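The block underneath contains the structure these notes are about, expressed in structure tokens.
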Amino acid sequence: MNDKQRAEAASPRASVSADTVIDAFALARQGDFVQGEIPLVRLTRAVEGLPEQPSGEAGLVRWSVQGEIGKGVIGTGFASGQPLLRLHVQAHPVLICQRCNAPFAFAVDSQAVLQLVKSEDELDDDLSFDAQDPDVADSLPEKVVGSHRFDLLAQVEDELILSIPYVPKHPVCPGAQAKDGDAQQAPATQRPSPFAVLEQLKRKD
């Protein structure tokens with residue numbers, strides 16, 4: 001056994017997933033962890049309508065999924081004993097700033113908790129507590145229909161799409177800061193003193 005094989009054997013739950021179609025319920029039940037990366041251009045739904053994306057490291061989407069059994073949302077007990085997937089997605093898609101029309105890399109670092117249910121009927125189950133409480137509602141996992149052949153990349157792509165702003169903008173557009181600096185450095189135009197103008201008129205007379 002070589003060093004690489006020993007390392008993989010020592011940490012079987014921290015491996016890169018070659019197969020992104022998995023048994024979601026088994027992943028949650030066993031508390032397994034999988035991770036991987038994929039070129040952004042392969043996520044066709046996410047890049048539709050976007051400018052050309054970079055290749056190499058800059059164009060990679062990195063993702064990881066941790067399975068677990070829920071321990072309950074504080075104060076509600078909701079999701080206790082339920083199979084959950086903790087999804088983490090990182091990427092830098094190139095977007096077009098809607099303010100200056102220039103391309104820029106937008107940093108995506110998004111995390112979501114998915115609750116696995118067995119059928120679409122369970123997606124809209126009435127909750128047994130006050131879901132109108134915004135603090136409670138924000139802490140609830142998103143329900144998704146799990147399966148024994150669950151497509152992780154579809155969830156990664158969905159999370160990436162949700163993370164891309166509808167109207168992308170630079171925090172500060174290129175050139176805007178320089179223009180502001182120039183404006184501050186430029187000497188202010190001074191209005192002539194009315195007394196000086198009056199003095200000039202008297203001299204003309």
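The shown structure was predicted, so the numbers you read here are calculated from the model rather than taken from an experiment.
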Non-neighbouring partners of [X] that pass side chain to side chain contact (heavy atoms under 4.5 Å, CB included), sequence neighbours left out:
| X | value |
| --- | --- |
| V117 | Q115, E122, L123, K143, V145 |
| E142 | L114, V144 |
| A154 | D151 |
| E48 | none |

*Euclidean distance, R29 CZ relative to I69 CD1, rounded to 0.5 Å*: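 Between I69 CD1 and R29 CZ, I get 8.0 Å after rounding to 0.5 Å.
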Open item on the list: Could you check whether any side-chain N or O of Q66 sits under 3.5 Å from a backbone N or O of D32, counting only pairs where one atom can act as donor and the other as acceptor?
Closed with: yes
Discussion item. Taking I96's backbone N and O only, do any of them form a donor-acceptor pair with Q98's side chain (distance below 3.5 Å, no angle check)?
Written reply: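 Checking the backbone N and O of I96 against the side chain of Q98, a donor-acceptor pair under 3.5 Å is found.
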Who pairs with F104 by ring pair (Phe, Tyr, Trp, His ring centres under 6.0 Å), at least two apart in sequence or on another chain?
->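 Ring pair (Phe, Tyr, Trp, His ring centres under 6.0 Å) check on F104 returns H170.
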Exercise. So do the side chains of I22 and V34 get within less than 4.5 Å of each other, counting heavy atoms only?
Worked result: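 The answer is no, as the side chains (C-beta and beyond) never meet within the 4.5 Å cut-off.
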Please tell me if the side chains of Q155 and F150 come closer than 4.5 Å, counting only heavy atoms from C-beta onward.
yes
Note: with side-chain heavy atoms under 4.5 Å as the link, the other cluster members for V167 come out as Y166
Which ILVMFWY residues are connected to V113, directly or by a chain of links, through side-chain heavy atoms under 4.5 Å apart?
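Once heavy-atom contacts under 4.5 Å are chained together, V113 belongs with L84.
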Heavy-atom closest pair, residues [X] and [Y]:
| X | Y | result |
| --- | --- | --- |
| F25 | S147 | CE1-N, 3.5 Å |
| L85 | G67 | CD2-CA, 4.0 Å |
| C100 | C97 | N-SG, 3.5 Å |

Exactly one of V108, V47, L43 clears side chain to side chain contact (heavy atoms under 4.5 Å, CB included) with P93, and that residue is V108
Report all side-chain donor-acceptor pairs from residues 50-60 shorter than 3.5 Å, counting only partners two or more places apart or in another chain.
| unit_1 | atom_1 | unit_2 | atom_2 | d |
| --- | --- | --- | --- | --- |
| Q53 | OE1 | V94 | N | 2.8 |
| Q53 | NE2 | P51 | O | 2.9 |
| Q53 | NE2 | V94 | O | 3.0 |
| E57 | OE1 | R62 | NH2 | 2.4 |

If a pair satisfies salt bridge (Lys or Arg N to Asp or Glu O under 4.0 Å) and one of its residues is in residues 104-118, list it, with sequence neighbours excluded.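 Output for this query is empty, none listed.
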Under the salt bridge (Lys or Arg N to Asp or Glu O under 4.0 Å) rule, what pairs show up with a residue in residues 89-101, not counting sequence neighbours?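 As it turns out, there is no salt bridge (Lys or Arg N to Asp or Glu O under 4.0 Å) pair with a partner in residues 89-101 once direct neighbours are skipped.
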Hey, can you pull the donor-acceptor pairs under 3.5 Å for the side chains in residues 156-165, sequence neighbours left out?
| unit_1 | atom_1 | unit_2 | atom_2 | d |
| --- | --- | --- | --- | --- |
| E157 | OE1 | R45 | NH2 | 3.3 |
| E157 | OE2 | T44 | N | 3.4 |
| E157 | OE2 | R45 | N | 2.8 |
| E157 | OE2 | A46 | N | 3.0 |
| D158 | OD1 | R45 | NH1 | 3.1 |
| D158 | OD1 | R45 | NH2 | 2.9 |
| E159 | OE2 | S110 | OG | 2.4 |
| S163 | OG | S110 | OG | 3.4 |
| S163 | OG | E159 | O | 2.8 |

R86 meets the side-chain hydrogen bond (donor to acceptor under 3.5 Å, both in side chains) criterion, sequence neighbours left out, with E68
